[in-house]
Amino acid sequence: MVKDSILRPSRAKLNKVKMRFAHEQLNKTILFFLIVILPIIAVDLAGRQEIIPVPEVLLKILEAIIVILVSFGGATLFIRLTINFIMNQFEGIGQQEERILLSKLYILVVYVLATVVVFLHMGIGIQNVALFLGLTATGFAFAIRDVVLSYIIWFMLLTKKPFKIGDYINVAGQEGQVKHIGMFYVVVDASPNTYADYTKIPNKVFLEKPIRNYGNDKFFSKFEFYLESVPTDIIDRLERIREKGSTLKGADATFYLNSDSDGVKITVEFKTIYEDRDILRDRLMSMMLQELNFNRETRSAASPQTL
């Protein structure tokens with residue numbers, strides 16, 4: 001218990017780290033905003049006060065730039081100040097994926113409102129704003145249809161939940177634990193205990209390929225042994241294999257004779273978590289090899305497969 005408490009920081013410490021990071025990001029945003037906006041405002045004021053000669057067209061351009069920067073800069077600052085509060089309100093509601101989706105929708109709404117403010121300040125009416133946004137969205141979606149498709153698939157992954165963060169999945173030959181579900185990639189880690197290796201799977205793959213979700217608990221796996229020749233005491237040997245298999249901790253293994261067009265085989269089904277699957281399968285195979293005198297009487301099956 002003491003060791004776990006040392007390795008796993010408390011929620012209070014994690015919240016403190018998050019708050020410090022949020023304050024750093026907020027300070028950087030404010031600094032960048034001031035560095036960009038203040039010189040433009042100074043030039044605009046100097047031109048309007050006729051301190052320096054500035055053409056009227058340039059003044060209008062500067063005014064538009066100021067409105068845009070203030071609107072979107074203010075929206076960014078507002079998001080930085082409120083996003084943690086908004087997410088904390090949904091801390092106990094739903095899964096992590098729903099909270100991610102809510103945060104993205106909240107950011108989108110704030111920036112849409114900032115865009116509407118810019119248009120209204122420029123004298124564009126509500127109807128024209130709606131028409132403009134519709135046409136822009138249509139043209140933009142056509143121009144970057146792959147990006148839009150990736151975003152739609154991301155939305156489907158978060159709402160339909162074919163898998164969740166923490167589940168082990170297999171898709172297009174890539175498998176591992178889901179670490180992150182992003183708008184463009186899903187990060188899958190085949191060895192979660194290490195941090196340097198991971199795979200980014202494009203979202204469109206999840207629309208085109210079947211997904212095998214192992215979950216984050218035990219699941220069934222199986223492999224098969226084909227018998228080159230059937231020993232006369234195969235029933236006794238199989239019974240001894242069952243007895244030995246029952247002693248393997250956490251295996252929940254079952255053994256039974258089966259056959260197909262390739263011959264007589266022993267099918268082994270066992271229950272395991274993802275991390276222990278290969279180790280447990282190797283132990284079961286080694287036990288069977290010893291009991292069946294594999295070198296003389298049996299041959300290897302096709303590659304193990306998951307149910």
Do the side chains of [Y] and [X] get nearer than 4.5 Å, heavy atoms only?
X      : Y      : value
Ile266 : Tyr226 : no
Met288 : Phe225 : yes
Phe206 : Val186 : yes
Phe72  : Thr115 : yes
Thr267 : Lys222 : yes
Val187 : Val178 : no
Val171 : Arg212 : no
Phe255 : Glu239 : no

How would you list, by chain and number, every residue that makes a ring-ring contact (aromatic ring centres under 6.0 Å, His included) with Tyr274, sequence neighbours excluded? Tyr168, Tyr214

Same cluster or not: are [X] and [Y] linked, directly or through other Ile, Leu, Val, Met, Phe, Trp or Tyr residues, by side-chain heavy atoms under 4.5 angstrom apart?
X      : Y      : answer
Ile181 : Met183 : yes
Val268 : Ile273 : no
Phe78  : Leu113 : no
Met285 : Val264 : yes
Leu77  : Ile65  : yes

Atom of [X], atom of [Y] and distance for their closest heavy-atom approach:
X      : Y      : result
Val205 : Ala172 : CG1-CB, 3.8 Å
Gly166 : Asn216 : O-CB, 3.6 Å
Leu158 : Lys161 : O-CG, 3.7 Å
Asp189 : Lys179 : CB-CG, 3.9 Å
Lys265 : Asp260 : NZ-OD2, 3.0 Å

Got a salt bridge between Arg277 and Glu175, using NZ or NE/NH1/NH2 to carboxylate O under 4.0 Å?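 A salt bridge is present here (some side-chain N lies under 4.0 Å from a carboxylate O).
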
side-chain contact (heavy atoms from CB on, under 4.5 Å) between Glu243 and Leu238: does it pass, once the steps are laid out? CA-CA 9 Å; Glu243 290 177 1; Leu238 190 59; over 6 Å; no

Report yes or no: does Asp282 contribute a side-chain atom to a donor-acceptor pair with the main-chain N or O of Ile279 at less than 3.5 Å? no

Kindly say whether Pro162 contributes a backbone atom to a donor-acceptor pair with the side chain of Asn213 at under 3.5 angstrom? yes

Is it true that the side chains of Ser150 and Tyr185 contain a donor and an acceptor less than 3.5 Å apart?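 The answer is no; no qualifying pair exists.
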
Could you walk me through whether Asp167 and Lys164 satisfy the side-chain contact (heavy atoms from CB on, under 4.5 Å) test, starting with their C-alpha distance in whole Å, then the side-chain angles of each, then the deciding distance to 0.1 Å, before giving a yes or no? CA-CA 6 Å; Asp167 286 348; Lys164 304 185 295 294; 3.8 Å; yes

Linking directly or through intermediates, with side-chain heavy atoms under 4.5 Å: list the remaining ILVMFWY members grouped with Tyr256, chain and number order.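 Members besides Tyr256: none; it forms no cluster.
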
Please step through salt bridge (charged side-chain N to carboxylate O under 4.0 Å, His left out) for the pair Arg242 and Glu291, ending with a clear verdict. CA-CA 11 Å; Arg242 289 192 178 105; Glu291 189 61 40; over 6 Å; no

Could you walk me through whether Ile153 and Lys204 satisfy the side-chain contact (heavy atoms from CB on, under 4.5 Å) test, starting with their C-alpha distance in whole Å, then the side-chain angles of each, then the deciding distance to 0.1 Å, before giving a yes or no? CA-CA 7 Å; Ile153 297 172; Lys204 66 178 182 180; 4.1 Å; yes

Would you say Phe155 has more than 12 foreign heavy atoms packed within less than 6.0 Å of its CZ?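 No, because the 6.0 Å sphere around CZ of Phe155 holds 12 heavy atoms or fewer from other groups.
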
